Structures are given as C-alpha cells and as structure tokens.
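Notes for the one structure printed next.
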Amino acid sequence: SHEGYESFMHKEILESHLAVRETLRSMMRETEIVSKAIKSLSEARRIFVVGAGTSYHAGLMFALRLQKAGLTSIPVIASEHHYFRATEDDAVLVISQSGETMDSLIASKHYRANGARILSLTNTLGNSISHESDIALHTRAGPEVGVAATKTFTSQVAALLFLSSNLLGEDVEYLKEAEQTVTNSLQAMGYALEIGTQLCKKSNAYYLGRGLGVPMALEGALKIKEIAYIHAEAYPAGESKHGPIALVEKGFPVVFINLGEFVGELSNNIKEMSARGAETIVLSINNRLSDNKELKVWREVSVSVSDTRLAPLAMAPLIQAIAYYAAKCKGVNPDRPRNLAKTVTVQ
Ligand code: F6R
C-alpha cells in the first residue's frame, strides 16, 4: 500500500528531506570510509563518473562541479564506457541507486580491468556494483518502490555535493541547510501541481538550463517523459537557438532552470523563446527573473536557499513533482511507467 499517499512516487518525493538528512548524517558519521574515498579521488589523475539515466544526471552535476574548479572529471554514460578509456592513475565513481544496473556493472568491471580504482555510490547494501568496487559509499534514502528515481536522486545529489566540496577543500557547513532546502522545495508543491497540470495539456516541452542547470534540465525532461509520457528535450539554454527553437510556436512550453548563475544569458534565452510565443516556466532559487518586467513568464516558482551550492537540491523535488502532477492529470499510474523496470539488468 502507499500508506495513505496517492502513490509510491508521491510518498517518496515527500520523504526526500528525510532521505537527504540520513544520507548526509551517514556521510559525516562514516569518516573512515569517506576519507578513504576522498583521498582516493583526490590522488587520481582523472575522475570518471559513471551512471545510467537519473544516476548519470547526478554524476554529471558532480563532474561539472569538479571540472569548473579545475579538476579533470569525465562524465560517462555507463553503456558508452567503451569510448572513455581509464588507466591505473584514474579513479572511477560508479553511481547507481539499485547497485544492479547491468550497464553500470559492466562499465565498472571494464574500468577495474583497466587497473583504475573503483568507487561506488549505491542506495542498497550488498549489491553487485558495491561488490565490484574498492570503496563502497552509500546514500541512505531508504527503499524506493516507485520505478522513477526520486528521493534516491536527491540523496545522490546531497552525497555528491558533500564529496565534491570535500575534494575542492570547501567548508561543508552549508550542507547543514540541505534538509531545510529540500523542505522548502516540498513547500512549493502547489506550484508543481499548477505547472504539471499545464504541461499535461501539451505533447512536447523543452527544459533549458545553464551550468549545473543542465543536468537538472536533463533530469526534468527524463522524468516527464517516463512518468507522464510527454515528449521533452533538455538542452543547455544557449544551444536552444542553434536548432531546437525552430519547433517553438505559440503555446510551446519551455521550462527554464535558473540556479542563479548566468542569469543575464538565461534571461536572453527566455526573451528569445517568448518572442516565438513559447509559454515560459521558470524554476528559480532566491531571485525571481519575472521581477524583470521585460520578461514574459507564464509561471515562476522560486525556492529559497541559504547558499547557492544548495540549488540542485532545491530543484530536484520540484522537477519530480511537476512530472508526478502531469501524470496524475493524465490519469496514468506514476509508479508503473510502461516499458520500464526498476532495475535494468540487461545491456
Ligand atoms: C529514471 C530512472 C532510471 C534509472 C536508471 C539507473 O527515473 O529511474 O533512469 O535512474 O535505470 O538506475 P540505477 O540508479 O539503479 O543504476
């Protein structure tokens, strides 16, 4: 049963703050294994970050954070690992909620055979991927029944913020507000309902972002595709004018992820889209782009964060809830998307 909730997906989104709290508690408590992991990553020549689907998006966020700070970090889609060769000097972080995804397991074995050091971040104990790794780290989201990754993704993001901040020598004090950030996001559910219900009427959408907004856009588009069967594409916002904009006409929905970076450029992209009649939706932190009266914004929701590094945590439950409410509006079961399995054990 869903224990009084409408569905497991709904329940699991609403548990995200607890999942994040438990994940960060365990990261801070298990100092021995965590410092081993940080040491190993910091000694590596390059850090490969491997995952599939939603776990890849969490990994991309992590890799971008490291890259921006000057570390060499390579995001790898698990099934495409053949074209990214690792050596003994490299470390590979494999991210998988289930710990059983065949593509990720095979990538992990492949990199192990190359002599690279393997680390894993999974949400279950004793799974195949953690068994294949030298250092096994865990998120503590608790069991996730809905096929779509929700609270496990948000927990991966929290764990990866913790690891990346440690690697970059940042103070992790700001993560004390991680749970509150997720709670703030959950308090914006009324907006998610309104936006999801609007997207429900559409057959296509774009999700656009810049910087760390790109992995969040990818995740938003994936979720609404798989749960609500709405065709959605994600692009770096700057790329949208190099082709995708051709499809935009009156009423075409474009969801902008505004994490507070490159705000001027993002505002230009909003103008370009609304000039073609797009229905623009903005998911923001702290600032509201729609305060700028030159921008035509259909709806904007802003989640407050005490530190901009928390922005991905503010976005995660919101994009999931938008997909959830779009599915609800369509009358489809969000827990059982067609053609998908919770654990994908084929290549
Ligand atoms: C999306 C989703 C999938 C998984 C992917 C990897 O909601 O659930 O994209 O993220 O199949 O699964 P794990 O994390 O178990 O390796």
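For clarity, every value in this text was computed on a predicted model and none was experimentally measured. Order of listing sets the numbers, starting from 1, for every ligand and every atom in it. Sequence positions, counted from 1, serve as the residue numbers for this chain.
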### Task
Report yes or no: does Asp134 contribute a side-chain atom to a donor-acceptor pair with the main-chain N or O of Ile118 at less than 3.5 Å?
yes

### Task
Quick one: look up the protein heavy atom nearest atom 11 (O) of ligand 1 and list residue, atom name and how far away it is.
Val344 CG2, 4.1 Å

### Task
Return the option from Ala58, Ser96, Gly51, Ala52 holding the heavy atom at the smallest distance from atom 5 (C) of ligand 1.
Ala52

## Note on the structure
Counting from 1 in the order shown, the ligand 1 atoms closer than 4.0 Å to a non-hydrogen atom of Glu226 are 1 (C), 7 (O)

### Message
When you measure from the heavy atoms of Lys342 to every atom of ligand 1, does any distance fall below 4.0 Å?
### Response
no

### Query
Hey, are Glu88 and Arg45 close enough for a salt bridge, meaning a charged N less than 4.0 Å from a carboxylate O?
no

### Task
Verify, without hydrogens or angle tests, whether Glu144 (side chain) and Lys151 (backbone) share a donor-acceptor contact under 3.5 angstrom.
yes

### Query
Taking non-hydrogen atoms only, is Leu340 closer than 4.0 angstrom to ligand 1 via side chain, backbone, both or neither?
neither

#### Entry: Atom indices of ligand 1, in the order listed, that fall short of 4.0 Å to a heavy atom of Ser55
10 (O), 13 (P), 14 (O)

### Message
List ligand 1 atoms under 4.0 Å from Gln97, heavy atoms only on the residue side.
### Response
13 (P), 14 (O), 15 (O), 16 (O)

### Task
Give the residue, atom name and distance (to 0.1 Å) of the protein heavy atom nearest atom 15 (O) of ligand 1.
Ser98 OG, 2.7 Å

### Query
Nearest non-hydrogen atom to atom 16 (O) of ligand 1 belongs to which of Ile129, Thr101, Thr54?
Thr101

### Query
Would you call Ile227 a ligand 1 contact, heavy-atom distance under 4.0 Å?
no

### Query
Should Glu177 and Ser306 be marked as a side-chain hydrogen bond (donor to acceptor under 3.5 Å, both in side chains) after you check the CA-CA gap, both sets of side-chain angles, and the distance that decides it?
CA-CA 7 Å; Glu177 294 301 318; Ser306 53; 4.5 Å; no

### Task
Please confirm whether the backbone N or O of Gly99 pairs with a side-chain atom of Thr124, one donor and one acceptor, at under 3.5 Å?
no

### Task
Please report the closest heavy-atom contact between Leu64 and Gly211, naming both atoms and the distance.
CD1-O, 4.0 Å

### Query
Is the closest basic N to carboxylate O distance between Glu194 and Arg299 below 4.0 Å?
yes

### Query
Which atoms of ligand 1 are found less than 4.0 Å from any heavy atom of Ala148?
7 (O)

### Summary
Contact region, Glu100 to ligand 1, non-hydrogen atoms below 4.0 Å, reads neither

### Message
As an exercise, identify every atom of ligand 1 less than 4.0 angstrom from a heavy atom of Lys223.
### Response
1 (C), 7 (O)

## Note on the structure
ligand 1 atoms nearer than 4.0 angstrom to some heavy atom of Val147 are 8 (O)

### Task
Spell out, as yes or no, whether a donor-acceptor pair under 3.5 Å connects the side chain of Asn123 to the backbone of Gly142.
yes

### Query
Mind checking whether Phe252 and Tyr206 have parallel, tilted or perpendicular rings, split at 30° and 60°?
tilted

